[in-house]
Engineer: 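Dumping the structure here so I can ask a few things about it.
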2 protein chains.
Amino acid sequence: MSQLRRGTVGFCVLALLNAREHYAVELVRELAAHQALAAGQGTIYPLLSRLRSDGLVATHWKESPNGPPRRYYSLTDEGRGSLELFRSEWTQFSDAVDTLMKT
Amino acid sequence: MSQLRRGTVGFCVLALLNAREHYAVELVRELAAHQALAAGQGTIYPLLSRLRSDGLVATHWKESPNGPPRRYYSLTDEGRGSLELFRSEWTQFSDAVDTLMKT
DNA sequence: GCAAGGTACCTTGCATTGCATGGTACTTTG
DNA sequence: CAAAGTACCATGCAATGCAAGGTACCTTGC
């Protein structure tokens, strides 16, 4: 199952950030809510670093009411573009797989 | 797009073999017909080797009417089981992604 | 018959990326 | 002040798609 997630987890994160900004641990929890997408911190932190160095997300620090400060991630314009592109690729891809699986 | 295919191409091949036996170049052509799943020989041959050593497919040689002999691949019982398992994982996974993408 | 082209086989090495593991630091609470 | 909770992040491995490159068989045209 883990191999299935490859290449999509990043875009799922972008989709979550498209709704509103999140900090990393929060993203981990939201992904875990969709069982098939569950990804631990060891997946999320390196992923977020990549998204950031690719310019798809921007970050800013905010104090937490209880605990260490949080780094919040939000979508850049480039991130929104990338998400849009993915949506159309995903549709084609999942349609193709659906078709094949019914064969 | 190529990262999207990770983890699914193998099962797409199993699905094709579930319908009838194929030889490698034929699989390449059938996948290419579904554009989003196009995979070259450099993907298919190592993949088929793995499927074979995992016991998911069996092979036998057959002469070609025009050209070198072909190695035909067919599903084993284990391969059929693996395909079934994937189908249910795929449904869960693609539903989860669909949901998130609409958020 | 033999050179050229087509068909089919396969291997090697690289890049990407999910994940387990392990570590640091800040804050609250007993 | 120690322990627990929350949050950050890095390192190294494993899986696998793919480009590039190589071998062998067979047919066709000269």
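Any value given below was found using the heavy atoms of this structure, including those in side chains, with hydrogens, waters and symmetry copies removed. All of these numbers come straight from a predicted model, not from anything done at the bench. We name chains A, B, ... by the order of the sequence lines, and we start the count at 1 in each one.
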Engineer: Quick one: side-chain hydrogen bond (donor to acceptor under 3.5 Å, both in side chains) pairs with a partner in residues 13-40 of chain B, sequence neighbours left out?
Structural biologist: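 Sorted pair list: B:R20-B:H22, B:R20-B:E26, B:R20-B:E30, B:E21-B:H60, B:E21-B:K62, B:H22-B:E30, B:Y23-B:R29, B:Y23-B:R70.
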Engineer: Are B:S94 and A:V97 packed together at the side-chain level, in the sense that at least one heavy-atom pair is separated by less than 4.5 angstrom?
Structural biologist: no
Engineer: If you look at every heavy atom in A:V28 and A:A39, which pair is closest and at what distance?
Structural biologist: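 Scanning both residues, the minimum pair turns out to be CG1-O, 3.5 Å.
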Engineer: Once you round to the nearest 0.5 Å, how far does CG of A:L51 lie from OG of A:S49?
Structural biologist: 9.0 Å
Engineer: Could you identify the nucleotide paired to D:dC30, looking across every strand shown and requiring Watson-Crick or G-U wobble geometry with both distances under 3.5 Å?
Structural biologist: C:dG1
Engineer: Between B:R71 (CZ) and C:dT11 (C1'), how many Å, whole number?
Structural biologist: 14 Å
Engineer: In Å, rounded to the nearest 0.5 Å, how long is the span from OG of A:S82 to CG of A:L56?
Structural biologist: 5.0 Å
Engineer: Under 3.5 Å, which protein N or O atoms sit close to an N or O of nucleotides 13-18 of chain D? Give each pair with its distance.
Structural biologist:
residue: D:dA15; atom: N3; partner: B:R6; partner atom: NH1; Å: 3.4
residue: D:dT16; atom: O4'; partner: B:R6; partner atom: NH1; Å: 2.9
residue: D:dT16; atom: O2; partner: B:R6; partner atom: NH1; Å: 3.0
residue: D:dT16; atom: O2; partner: B:R6; partner atom: NH2; Å: 2.3
residue: D:dG17; atom: OP1; partner: B:G7; partner atom: N; Å: 2.9
residue: D:dC18; atom: OP1; partner: B:R5; partner atom: NE; Å: 3.0
residue: D:dC18; atom: OP1; partner: B:R5; partner atom: NH2; Å: 2.4
residue: D:dC18; atom: OP2; partner: B:T43; partner atom: OG1; Å: 3.2
residue: D:dC18; atom: N4; partner: B:G42; partner atom: O; Å: 3.4

Engineer: Please tell me if the side chains of A:K102 and B:R87 come closer than 4.5 Å, counting only heavy atoms from C-beta onward.
Structural biologist: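 Contact flag for A:K102/B:R87 side chains = no.
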Engineer: Which heavy atom in B:L14 sits nearest to a heavy atom in B:G79, and how many Å separate them?
Structural biologist: CD1-O, 4.0 Å
Engineer: What do the steps show when you test B:D77 against B:R80 for side chain to side chain contact (heavy atoms under 4.5 Å, CB included), and what is the final call?
Structural biologist: CA-CA 5 Å; B:D77 287 342; B:R80 257 178 292 276; 3.1 Å; yes
Engineer: To the nearest 0.5 angstrom, please state how far the OG1 atom of A:T43 sits from the CG atom of A:L27.
Structural biologist: 12.5 Å
Engineer: Can you measure B:Y45 atom OH to C:dT7 atom P for me and round it to whole angstrom units?
Structural biologist: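 After rounding, the gap between these two atoms is 13 Å.
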Engineer: In whole angstrom, give the distance that lies between atom CG of B:L48 and atom P of C:dA8.
Structural biologist: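 Rounded to the whole Å, the gap is 14 Å.
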Engineer: Kindly state which residues belonging to residues 15-35 of chain B come within less than 4.0 angstrom of DNA chain D, counting heavy atoms of the residue only, listed by number.
Structural biologist: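 Contacting residues: none.
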Engineer: Each nucleotide in nucleotides 23-30 of chain C should get exactly one letter: B, S or -. Can you fill that in based on protein heavy atoms under 4.0 Å?
Structural biologist: ---BSS--
Engineer: Could you state the NZ-P distance from B:K62 to C:dA8, rounded to the nearest angstrom?
Structural biologist: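 B:K62 atom NZ is separated from C:dA8 atom P by 14 Å.
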Engineer: Between atom OH of B:Y73 and atom CG of B:L17, what is the distance when rounded to the nearest 0.5 Å?
Structural biologist: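 B:Y73 OH to B:L17 CG: 9.5 Å, rounded to 0.5 Å.
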Engineer: Rounding to an integer number of Å, can you tell me how far A:L51 CG sits from C:dT16 C1'?
Structural biologist: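 About 13 Å, once rounded to whole Å.
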Engineer: What pairs with A:F11 under ring pair (Phe, Tyr, Trp, His ring centres under 6.0 Å), at least two apart in sequence or on another chain?
Structural biologist: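 Only A:F86 meet the ring pair (Phe, Tyr, Trp, His ring centres under 6.0 Å) criterion with A:F11.
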Engineer: Below 4.0 angstrom, which residues in residues 73-102 of chain A have at least one non-hydrogen atom near DNA chain D?
Structural biologist: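 Heavy-atom contacts with DNA chain D come from A:Y73.
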Engineer: Indicate the atoms forming the closest heavy-atom contact of A:C12 with B:L100, along with that distance.
Structural biologist: CB-CD2, 3.4 Å
Engineer: For the side chain of B:R6 and the backbone of A:R5, is there at least one donor-acceptor N/O pair under 3.5 Å apart?
Structural biologist: no
